[in-house]
Undergrad: 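Following this message is one structure expressed as structure tokens.
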Amino acid sequence: MKAKTKAGSAPSKRGATSIPSVKELQALIRGAGMRSTASRIAVLEHFYEHGGRKSHADMFQALEGRGFDRATIYRILMDLADAKILSRTDLGDHVWRFELLREGAGDHGEEHPHFVCVDCGQLSCLPDLTVELSGRRPPKAIAAKKVAIQLKGVCDACS
């Protein structure tokens, strides 16, 4: 299930969308088969309000004044990613970064390659890029589409 925005809402300059009401967030969470809790709602509100990619540490720091512990925030992020409400990306530094999946935002739920700038760390989606493998028989994980393709280099802004 994907997070739905209010009709006509568009991402702001910071990449966030309009913030759904608590009832809408509860419906989204329950629609994914989870209990609606104050901590889950707080995490989703933060993503809708601020947008962007956030690590577990980023989210804990943003919500630390609300009394949620680190383990709870981590479990929520993983659960929301498993429910396809958030995307989960590793830029190669072994830190998961989470981002709100939004309809009309490039359908980030589909598997596609990414470009990571080695200077500034900017992550760019490359949904129209096709990667073709040739030569030896590829691992079974590739046929099962259980892989992530990342291209690394220097982005246009840094070069």
Side-chain angles (χ1 to χ4, degrees), residues 1-6 8-20 25 28-29 31-34 40 42-64 70-159:
M1 177 174 181
K2 295 181 185 166
K4 295 185 179 180
T5 59
K6 293 180 182 176
S9 68
S12 72
K13 290 180 183 176
R14 288 185 293 168
T17 60
S18 62
I19 303 170
L25 292 174
L28 175 64
I29 293 165
M34 296 182 283
R40 286 185 176 132
V43 167
L44 283 178
E45 281 177 332
H46 184 81
F47 276 106
Y48 273 99
E49 184 175 348
H50 300 285
R53 291 174 191 89
K54 311 281 186 215
S55 68
H56 169 245
D58 296 334
M59 287 304 299
F60 178 72
Q61 184 177 13
L63 300 175
E64 73 179 326
R70 285 182 184 275
T72 298
I73 298 297
Y74 182 78
R75 281 192 305 270
I76 289 168
L77 292 169
M78 297 303 281
D79 289 345
L80 292 173
D82 289 344
K84 306 293 186 211
I85 295 172
L86 299 178
S87 67
R88 181 175 62 190
T89 306
D90 177 357
L91 302 180
D93 58 0
H94 305 291
V95 175
W96 288 115
R97 288 175 180 79
F98 300 85
E99 183 178 18
L100 185 65
L101 289 172
R102 299 181 303 272
E103 287 184 14
D107 196 14
H108 200 260
E110 295 296 318
E111 293 301 322
H112 58 267
H114 293 91
F115 178 82
V116 181
C117 178
V118 296
D119 283 349
C120 69
Q122 177 68 33
L123 176 71
S124 303
C125 295
L126 303 172
D128 298 329
L129 184 69
T130 301
V131 177
E132 184 177 320
L133 300 175
S134 62
R136 295 175 39 178
R137 193 175 127 210
K140 292 178 184 177
I142 292 174
K145 297 183 180 181
K146 294 184 178 180
V147 296
I149 305 291
Q150 276 186 8
L151 303 175
K152 293 185 178 184
V154 179
C155 70
D156 294 342
C158 292
S159 60

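Computed from a predicted structure; not experimentally measured. In this chain, residues are counted from 1 in sequence order.
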Undergrad: Any side-chain heavy atom of M59 sitting closer than 4.5 Å to one from V43?
TA: yes
Undergrad: CZ of R75 to CZ of R70: how many Å apart, nearest 0.5 Å?
TA: 14.0 Å
Undergrad: Can you check whether L101 reaches L86 side chain to side chain, under 4.5 Å on heavy atoms?
TA: no
Undergrad: Would you confirm whether D58, through its side chain, and S55, through its main-chain N or O, come within 3.5 Å as a donor-acceptor pair?
TA: yes
Undergrad: Within this structure, what is the CG-CG distance for the pair L28 and L80, rounded to the nearest 0.5 Å?
TA: 8.0 Å
Undergrad: Any idea which heavy atoms bring H46 and A62 closest together, and the distance?
TA: CE1-CB, 3.4 Å
Undergrad: What is the minimum heavy-atom distance between A32 and A83, and which atoms define it?
TA: CB-CB, 3.7 Å
Undergrad: Identify the residue among W96, F98, Y74 that makes a ring-ring contact (aromatic ring centres under 6.0 Å, His included) with H56.
TA: Y74
Undergrad: Hey, could you give me the CG/OG1 distance between L63 and T72, rounded to the nearest 0.5 Å?
TA: 11.0 Å
Undergrad: Could you report the tightest heavy-atom contact between L25 and Y48, atom names first, then the distance?
TA: CD2-CE1, 3.8 Å
Undergrad: Can you tell me how far the CZ atom of R40 sits from the CG atom of D79, to the nearest 0.5 Å?
TA: 5.5 Å
Undergrad: Quick one: pull up CG in D82 and CZ in R88 and give me the separation to the nearest 0.5 Å.
TA: 5.5 Å
Undergrad: Quick check for you: to the nearest 0.5 Å, what is the distance between E49 atom CD and I19 atom CD1?
TA: 4.0 Å
